[in-house]
S.K.: 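Sharing a structure here in structure tokens format.
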Amino acid sequence: MGSLGKEAASAGERVVLAVNGARHEAAGVDPSMTLLEFLRTRTPVRGPKLGCGEGGCGACVVLISKYDPATDVVTEFSASSCLTLLGSLNYCSVTTSEGIGNTRDGYHPVQQRLAGFHASQCGYCTPGMCMSIFSALVKADKTGDPAPTLGFSKLTCSEAEHAVSGNLCRCTGYRPIVDTCKSFAADVDLEDLGLNSFWKKGTDPADVGKLPEYSSGAVCTFPEFLKSEIKGQMKDAPVVNAGEDGWYRPKSIEELHTLFDCKWLDENSVKIVASNTGAGVYKDQDLYKKYIDIKGIPELSVIDRSNKGVEIGAAVSISKAIEIFSDGTPVFKKIANHLSKVASPFIRNMGTIGGNVIMAQRLPFASDIVTVLLAAGSTVTIQTASKMLSLTLEEFLEQPPCDAKTILLSIFVPDWGSDNVIFETSRAAPRPFGNAVSYVNSAFLARTSGDAASGELIIDEICLAFGAYGVDHATRAPKVEEFLKGKSVSAPVILEAVQLLKDVISPSEGTTHPEYRVSLAVSFLFSFLSALGNNLNAPNGSCPNDPEKHGKVVSDDLPIRSRQELVFNDEYKPVGKPITKSGAELQASGEAVYVDDIPAPKDCLYGAFIYSTHPHAHIKSVNFRSSLASEKVITVISAKDIPAGGKNVGSGWAFLGNEALFGDPVSEFAGQNIGIVIAETQKYAYMAAKQAIIEYSTENLEPPILTIEDAIQHDSYIPVLPFFAPQPIGDFDQGMCEADHKILSGEVKLESQYYFYMETQTALAIPDEDNCITVYVSTQLPEITQNVVADLLGLPYHNVRIITRRVGGGFGGKGMKGTHAACACALAAFKLRRPVRMYLDRKTDMIVAGGRHPMKAKYSVGFKSDGTLTALHVDLGINAGISPDLSPLIPANTIASLKKYNWGALAFDIKLCKTNMSSKSAVRAPGDVQGSFIAEAIIEHVASVLGSDTNSVRRKNLHSVESLTKFYSDSAGDAPTYSLVDIFDKLASSPEYRSRAEAVERFNGGSRWKKRGISCVPITYEVTLRPTPGKVSILNDGSIAVEVGGVEIGQGLYTKADTLSMIQGGFTGGSTTSESSCEAVRQACTVLVKRLKPIKEGLEAKSGAPVPWSTLIAQANMASVNLSAHAFWTPDPAFVKYINYGAAVSEVEIDVLTGGTTILRSDLVYDCGQSLNPAVDLGQVEGAFVQGVGFFTNEDYARNADGLVVNDGTWTYKIPTVDTIPKQFNVELINSARDQKRVLSSKASGEPPLLLAASVHCAMREAIRAARKEFSANSPLTFQMDVPASMADVKELCGLDVVEKHLQSLTSAAASAAVKA
């Protein structure tokens, strides 16, 4: 080590920080330790969760506070603890969800309101949500705005919606979370907030006094002792810069260069950091021995404003840069506005402006910041090993990638003033508020002269910058700039500029959607230039009060509103009332214990999967490259470690078949487990697994089968037992003969979807005496997991105990796929005789998960001239992957939801294809969502051929009671329970719908570049009841313990599943677990009541007064009454299935220039029978719908040519966020006719509403159809629109060349007018 390091070694060995007001000293920790790892392994804190490790989900958000003793000011900001390195937090204070409120000290109003607004389901994301909201409150209350009304904060409704824009939630659909945020806003109308436990909507007045009281500054974010310690440290000792812990903190450029001169400096083992947020994009591939933290160098934190412009130090945070630019000229303000859409609040608070720029210079990073700064004429100052240089940003980007010793010091952005300067920025991304990479971003600056009113503006200077379109860094378009200089904007000029631009924008090979990206660049340039021209953008036949100006209607910024209509049932009170879910406040505080929150047992080891990247190959060897991480490998567990008598099995179910835990000796798909790396920490295991080098051989193996077409060609199928196979209905040939019209060949394709539970697969296995083992696992299948683990180890089932308290999101993914992690931990623990735990990193989880079944449907359909269907035949190919999993159930599910219409006759040929892909499994509404959508695609095709209104075709073919019975047999139920026709008519036949449809048509007639669509979609969903156990025990003090076989996954069961306590527990899934569990518990209670009744009557006879509960139980104990009852509820064999009904109307607006879609409004009506808890049912309906929106729009679970998942993290896989849900989100739960065959006449709500999201896809189709009418008379109005329909797909269907066509028409019209003149 150099002398600089030795000088401060003694003081640099520790990091002092406060966590929730308590002092912690981290000594001798690995320099690569993150704050999250420290909190979860070195403190009692468990609130922050590891959701992605990329800063992309918000599950790990905490509040970091820093104290400046010179000014006596505390600065707070939210941060992603999974990326924040512990070494950077010396003398900082950290506040987590437990720190603002907890069981012992009382809950914070944020936590209480999250619970009261029913904003927590599985609860895994809730502590992060809590801290994002709390951080927004702290920030708002420190502004100079006027003091708010008592009980409110200074937060505005708009700021409230943005507060959680970077936080992901897969359960709730965000609406109740937004309501929670807004409840603190000073400008909120409390009557607009949704269902809550504070007042009864529609009956009680909404009053802030009924909400848990909020008081600014109630939480101390920086303890006094730490302030004193900082002041004392300043007096008593010099500020240190380095230490033997491997963390160096230079305080000047000179000290930094002294470190650079040290012999130990090696780019492979030393990392230079300012905030480390870049590690969320470009993951560390190995461990580092040393870190150099440059954040403390004063030159890098400079902020210098002058009349020439603004100089910002490279270490200034993006959030601070936004603050600086917001207080400036129009150009600066637009820079600030664009930067506010970069990443998320908690990343912008940590990420530095210079880090973003340097990453874009060194790597192919799609930076928005660089593009905007490039157009603004920015310059940079850099320090190389030998000199300081000032370069234009363009020159800097064009240089070869900087080495590690080149430091970006500052960025200067000139002040362009406001006279005759026009500056615009654009980005196209799946999420309007940010937290998503742009497909293309742009920034344009022009200085003009002339008269804008007359349209004679002359472009004197212009800079056109484009980025993210598939190049190494942002670039300018000099040829286009040169062409435009000195010109007045007209259609011919823009057309030529566009043609020149298309030669400039050339995405590199391998870039996704290259034509779309080129089209986006054209659209952005057109929008900018047309704003400088006169009447270049006016729609044909524009209507009065033209709704758009320069092609822009800002629908993304509309506030989120909602309405809920619920009918409460008093018959079984309190059952039927909207009750807050048990444990919601525990979840919000972070005290709810999930598997990874269980303290690590003594001598615990950690595992990570090594997986194949080849779809079909012999595994010849597994070795590790020489690296720091490889040194952390303790051992590798593989198939050879399976005990004698055990089986290589990772999942399986009776009658369906098994899937191997390990690919041995042949890997059968990319993503198959090859082995398990064992290390001393989870981070070491993750990093060590990355070092694995697998040698493959394809000798004597057939080429892999990866697609449905390949499987059909090779007759590669998974058998479906006759018991599971759906049956045809009616005579198809006769139905086709009766048809007036026929579509003989139609096609629709649906791709896969990833679960995106917030908690990845996780397990903890603890070996016990006598060959027993206990496994704590996040699973929906405790009983199956027990069986599979026992089969793997060759043990009797009673030797294996599976315990599951709660699951951090399931959606089917913690079913068959969850058993692999349990098996892996159990095998390693059994082999090593030490506890072993695994928590899969997000990338591995996404690669091995499998996901929803991709399908390809080809159909032939016959129908009458009035739209009556007569016959349908579907050839359905289903990609099931390598093993059966639950795939044999999918055909029946798909056909069940397809049958929602009376097809006359229905025939099908279903091929369940076996491919060299990870096994597909049950994902929320498995098969049903695909079948329902296929039905809609066919109906829309029929309506298009007839030229009829789609809703009239839908309505005509809804079932009568007779046809419903014909298609669904016993599931149809009694006639009074068939509510679909009434539901559909309530929505689609209402005057309001007709009025909205007319408004959509008027809008489309007056808007060229934005188009709207509206659609109503009905659903049927068949569910199956199944035997379920329940156990109720009364303890000596009269308290009650309830056990059921079902697992708490967010629906409110709130019990612990233990396979040795609750036998025949079955599984949690299929949407009927709650009602079945409730009935089992009710039956157990009935038994206890029967036992207690004689004692109660005897005591009352003696005393003549009601008997206190405690007295009754004490007497029962003395009388040796069995106070524990076990029930095993089985459904009536004549009523095993029933049907759920619902419908939804969605209205969307698409941007023809970008393909972006805004869901303006969704109205859902769902029949949940006699709801057991309307608050839970409402949450399930909203959450399922929004998850369905993701499936139908932006969730692209893409794979490479070998079938390996490539969209494998939050960076590339985009689930819905708060900014992509409907702007108006209305839900009505109707209570249909009572049916005593169902449990208290209730109905399922967990999965069926997901199907309603097809209404968004269908509305998008209508909007696209309107665009095709506008721009291309020759474009067919019947077109195939597959799932998902991403921005690129929407734009392509609207036309990639709509701008050129528009400009050509304007140019031709101008030429014709000139000739006539």
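Worth knowing before you read on, the calculation uses all heavy atoms, side chains too, and leaves out hydrogens, waters and symmetry mates.
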S.K.: With no hydrogens and no angle check, just 3.5 Å: does a side-chain donor-acceptor pair link Asp72 and Tyr67?
M.R.: yes

S.K.: Please check this pair: side chain of Ser135 against backbone of Met131, looking for a donor-acceptor N/O pair closer than 3.5 Å.
M.R.: yes

S.K.: Which heavy atom of Arg431 sits nearest to which heavy atom of Tyr1213, and what is that distance?
M.R.: NH2-O, 4.4 Å

S.K.: I'd like to know if the side chain of Ser78 pairs up with that of Asn349 as donor and acceptor (distance under 3.5 Å, no hydrogens or angles considered).
M.R.: yes

S.K.: May I have the step-by-step check of side chain to side chain contact (heavy atoms under 4.5 Å, CB included) for His473 and Leu363, ending in yes or no?
M.R.: CA-CA 8 Å; His473 54 74; Leu363 299 161; over 6 Å; no

S.K.: Check step by step if side-chain hydrogen bond (donor to acceptor under 3.5 Å, both in side chains) holds for Ser317 and Ser319.
M.R.: CA-CA 5 Å; Ser317 72; Ser319 290; 4.9 Å; no

S.K.: Nearest 0.5 Å, what's the OG1-CZ distance between Thr329 and Phe332?
M.R.: 5.0 Å

S.K.: Among Phe444, Phe524, Tyr439, Phe528, which residue meets the ring pair (Phe, Tyr, Trp, His ring centres under 6.0 Å) test with Phe466?
M.R.: Phe444

S.K.: Identify the residue among Ile322, Asp368, Ile353 that makes a side chain to side chain contact (heavy atoms under 4.5 Å, CB included) with Val342.
M.R.: Asp368

S.K.: Can you name the closest pair of heavy atoms from Gly280 and Leu83 and give their distance?
M.R.: N-CD2, 3.7 Å

S.K.: Do Thr1158 and Lys1223 make a side-chain contact, defined as non-hydrogen atoms from C-beta onward lying under 4.5 Å apart?
M.R.: yes

S.K.: Can you tell me how far the CD1 atom of Ile1221 sits from the CD1 atom of Ile560, to the nearest 0.5 Å?
M.R.: 4.0 Å

S.K.: Could you check if a side-chain atom of Thr221 sits within less than 4.5 angstrom of a side-chain atom of Leu63, using non-hydrogen atoms only?
M.R.: yes

S.K.: For Phe756, does the six-membered ring have the charged nitrogen or CZ of Arg842 within the cation-pi criterion, i.e. under 6.0 angstrom from the centroid and within 45° of the normal?
M.R.: yes

S.K.: Would a distance-only check, ignoring hydrogens and angles, find a side-chain to backbone donor-acceptor pair under 3.5 Å from Asn1194 to Lys1214?
M.R.: no

S.K.: Looking at Arg170 and Glu1195, is there a salt bridge between them, counting it only when a charged N and a carboxylate O are closer than 4.0 Å?
M.R.: yes

S.K.: To the nearest 0.5 angstrom, please state how far the CG atom of Leu397 sits from the CZ atom of Arg362.
M.R.: 13.0 Å

S.K.: For Thr511 and Ser508: C-alpha separation, side-chain torsions, deciding distance, then whether side-chain hydrogen bond (donor to acceptor under 3.5 Å, both in side chains) applies.
M.R.: CA-CA 6 Å; Thr511 301; Ser508 60; 3.3 Å; yes

S.K.: Heavy atoms only: give me the nearest Leu85-Pro31 pair and the separation to one decimal.
M.R.: CD2-O, 4.5 Å

S.K.: Answer yes when Glu54 and Lys283 have at least one side-chain N-carboxylate O distance shorter than 4.0 Å, and no when they do not.
M.R.: yes

S.K.: Given 3.5 Å as the limit, does a donor-acceptor pair link the side chain of Ser132 with the main chain of Met129, or not?
M.R.: no

S.K.: Stepwise, does the side chain to side chain contact (heavy atoms under 4.5 Å, CB included) test hold for Ile294 with Val273?
M.R.: CA-CA 6 Å; Ile294 60 175; Val273 295; over 6 Å; no

S.K.: List the steps and the verdict of side chain to side chain contact (heavy atoms under 4.5 Å, CB included) for Lys683 and Thr34.
M.R.: CA-CA 10 Å; Lys683 173 185 260 183; Thr34 64; 4.1 Å; yes

S.K.: State plainly whether the residues Glu161 and Lys182 are in salt-bridge range, i.e. N to O under 4.0 Å.
M.R.: yes

S.K.: Report yes if the side chains of Glu159 and Thr156 come closer than 4.5 Å at any heavy-atom pair, otherwise no.
M.R.: yes

S.K.: Under 3.5 Å, is there a donor-acceptor pair between the side chain of Asp68 and the main chain of Val73?
M.R.: no

S.K.: Please give me the minimum heavy-atom distance between Ser438 and Ala429, naming the atom from each residue.
M.R.: CA-CB, 4.0 Å

S.K.: Of the non-hydrogen atoms in Val302 and Val316, which two are nearest, and what is the gap between them?
M.R.: O-CG2, 3.9 Å

S.K.: Which of these passes side chain to side chain donor-acceptor pair (under 3.5 Å) with Tyr469: Asn441, Thr371, Thr475?
M.R.: Thr475

S.K.: If we only count heavy atoms from C-beta on, is the Met388 to Thr384 side-chain gap below 4.5 Å?
M.R.: no

S.K.: Is there side-chain contact between Lys142 and Leu137, with at least one heavy-atom pair below 4.5 Å?
M.R.: no

S.K.: With a 4.0 Å cut-off, would you call Asp284 and Lys271 a salt bridge?
M.R.: yes

S.K.: For atom NZ of Lys843, decide whether the heavy atoms of other residues, nucleotides or ligands shown that lie under 6.0 angstrom number more than 12.
M.R.: no

S.K.: Counting N and O atoms only, with roles assigned by atom type, does the side chain of Asn1207 sit under 3.5 Å from a partner on the main chain of Asp1196, one being a donor and the other an acceptor?
M.R.: yes

S.K.: Can you tell whether the side chains of Arg249 and Asp293 come within less than 4.0 Å, N to carboxylate O?
M.R.: no

S.K.: Would you check if the side chain of Lys49 reaches a backbone N or O of Gly58 as a donor-acceptor pair within less than 3.5 Å?
M.R.: no

S.K.: Out of curiosity, Cys57 SG to Leu168 CG, how far, rounded to the nearest 0.5 Å?
M.R.: 6.0 Å

S.K.: Name the orientation class of the two ring planes belonging to Tyr282 and Phe365 (parallel below 30°, tilted from 30 to 60°, perpendicular beyond 60°).
M.R.: perpendicular

S.K.: I need the minimum non-hydrogen distance between Tyr516 and Ala1288, along with the two atoms involved.
M.R.: CD2-CB, 3.5 Å

S.K.: Could you check if a side-chain atom of Pro330 sits within less than 4.5 angstrom of a side-chain atom of Phe423, using non-hydrogen atoms only?
M.R.: no

S.K.: Taking side chain as C-beta onward, heavy atoms only, is Ile382 less than 4.5 Å from Leu409?
M.R.: no

S.K.: About how many Å separate OG of Ser32 and CD of Glu37, when rounded to the nearest 0.5 Å?
M.R.: 7.0 Å

S.K.: Rounded to the nearest 0.5 Å, how far apart are CZ of Arg348 and CD1 of Ile318?
M.R.: 8.0 Å

S.K.: Ignoring hydrogens and geometry, is there a side-chain-to-backbone donor-acceptor pair from Trp247 to Gly87 under 3.5 Å?
M.R.: yes

S.K.: With no hydrogens and no angle check, is any side-chain donor or acceptor of Glu76 less than 3.5 Å from a backbone partner on Lys66?
M.R.: no

S.K.: Going through the checks in order, is the side chain to side chain contact (heavy atoms under 4.5 Å, CB included) test met by Phe325 and Val413?
M.R.: CA-CA 10 Å; Phe325 285 126; Val413 186; 3.8 Å; yes

S.K.: Okay, side chain of Ser378, backbone of Leu374: is any donor-acceptor separation there less than 3.5 Å?
M.R.: no

S.K.: Is it the case that Asn20 and Thr96 place a side-chain donor and acceptor less than 3.5 Å from each other?
M.R.: yes

S.K.: Do Ser80 and Phe346 have side chains that get closer than 4.5 Å, going by heavy atoms?
M.R.: yes

S.K.: Taking Asp841 for the side chain and Tyr686 for the main chain, is one N or O donor matched with an acceptor at less than 3.5 Å?
M.R.: no

